[in-house]
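The structure appears below as structure tokens.
In this chain, numbering begins with 1 at the start of the sequence shown.
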Amino acid sequence: MATNSIKLLTGNSHPDLAKLVADRLGIEQSQILSLQDSNHEISLTIGESVRDEDVFVLQSTRPGNVNDDLMELLIMIRACKDASARRITAVIPSYPYARQDKKDRSRAPITAKLVARMLEMAGVNHVITMDLHASQIQGFFNIPVDNLYAEPTSLTWIREHVNLDQAVIVSPDAGGVKRATSIAGRLDLPFAVIHKERTRPNEISRMTLTGEVSGKTAILIDDMADTCGTLCTAAEMLAEHGTTQVVSVVTHGILSGDAIKKLNACTALSRVVVTNTVPLLGKDAMCDKIALIDISPTLAEACRRTHNGESVSYLFSNAPPS
């Protein structure tokens with residue numbers, strides 16, 4: 001007999017985060033077997049009944065395995081749908097293809113919208129994600145989307161580890177101004193912005209700084225660190241303008257390509273703080289500048305509130321108690 005309890009399923013993308021969320025909720029992860037056949041098709045079986053249950057499917061995206069992890073997520077959702085789950089919530093800490101959110105050149109696809117359509121067609125009823133690259137992605141869905149923020153947890157880390165007497169918040173690009181100014185406002189700190197121009201994706205041609213940073217600790221705020229070219233170039237520019245220290249706080253630590261090599265070589269950047277929305281896959285052991293913030297309490301609390309029919313908006317500006 002169904003009890004309409006929380007059922008937490010996860011694939012192969014981020015088992016550590018799923019365990020932290022399950023422990024926070026005080027439940028066991030539902031049994032699931034996901035294998036890749038010899039032809040690289042994903043074969044998946046749910047090992048227990050989810051009929052008439054409130055199912056949460058937690059799936060992130062590993063650098064280098066985005067497409068496999070996305071397909072696994074879609075298959076898990078469809079399996080729950082076909083097994084008569086009452087409600088299916090996809091918990092996607094790092095939304096795949098989030099940077100392809102607009103038609104910025106001729107004949108370019110809006111792939112973030114395609115992903116939204118795929119999730120809906122698979123049968124998802126609700127999406128919980130974190131720090132979308134662009135808030136407009138929520139409008140690609142015809143179902144409820146809760147876009148959580150790492151800001152409350154990041155603020156706690158900044159207050160505990162940075163001397164705020166001589167600090168300044170810096171956005172490494174114009175697109176992140178709203179995110180950075182929000183943090184600057186809550187910390188009552190000045191704000192600066194770096195305008196960057198790209199020749200192609202992940203390649204910067206020119207950067208210009210607006211704001212006073214001399215003699216201060218610069219706190220770079222961004223939603224993701226991919227190849228880390230932006231972070232390193234911005235840190236070097238800030239050092240040239242007289243900052244005493246540069247600390248970067250980002251949500252999604254993708255760290256693809258030669259990102260670790262760049263971080264280790266960048267003497268201007270003293271600390272790179274990332275959350276565990278994306279698995280680091282041992283990269284933190286290769287760079288002692290990396291610090292990790294655990295956002296599983298926020299995700300778990302969002303799941304609990306969703307299940308109980310409580311407001312999730314509290315989490316937009318508040319971190320759950322540890």
Do [Y] and [X] meet the salt-bridge criterion of a basic N to acidic O distance under 4.0 Å?
X	Y	result
Arg99	Asp226	yes
Arg24	Glu301	no
Lys7	Glu48	yes

Please tabulate, for the side chains in residues 79-86, all donor-acceptor contacts under 3.5 angstrom to protein atoms that are two or more places apart in sequence or on a different chain.
residue: Asp82; atom: OD1; partner: Arg78; partner atom: NE; Å: 3.1
residue: Asp82; atom: OD1; partner: Arg78; partner atom: NH2; Å: 3.0
residue: Ser84; atom: OG; partner: Arg51; partner atom: NH1; Å: 3.4
residue: Arg86; atom: NE; partner: Asp52; partner atom: OD1; Å: 2.9
residue: Arg86; atom: NH1; partner: Asn4; partner atom: OD1; Å: 3.1
residue: Arg86; atom: NH2; partner: Asp52; partner atom: OD1; Å: 3.3
residue: Arg86; atom: NH2; partner: Asp52; partner atom: OD2; Å: 2.8

Work out which heavy atom in [X] is nearest to a heavy atom in [Y]; give both atom names and the distance.
X	Y	result
Ile143	Val127	CD1-CG2, 4.1 Å
Gln138	Val145	OE1-O, 3.7 Å
Ala239	Ala268	CB-CB, 3.8 Å
Ala18	Leu58	CA-CD1, 4.3 Å
Lys283	Ile254	NZ-O, 3.2 Å

How would you list, by chain and number, every residue that makes a side chain to side chain contact (heavy atoms under 4.5 Å, CB included) with Pro15, sequence neighbours excluded?
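Scan of Pro15 (side chain to side chain contact (heavy atoms under 4.5 Å, CB included), adjacent residues dropped) gives none.
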All side-chain hydrogen bond (donor to acceptor under 3.5 Å, both in side chains) counterparts of Thr153, not counting sequence neighbours
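Thr153 satisfies side-chain hydrogen bond (donor to acceptor under 3.5 Å, both in side chains) with no other residue.
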Under the 3.5 angstrom rule, does the side chain of [X] hit a backbone N or O of [Y] as a donor-acceptor pair?
X	Y	result
Thr233	Thr230	no
Thr111	Tyr97	no
Arg305	Ser311	yes
Lys103	Ala108	yes

Among side-chain atoms of Gln36 and Ser43, is any donor-acceptor pair under 3.5 angstrom?
no
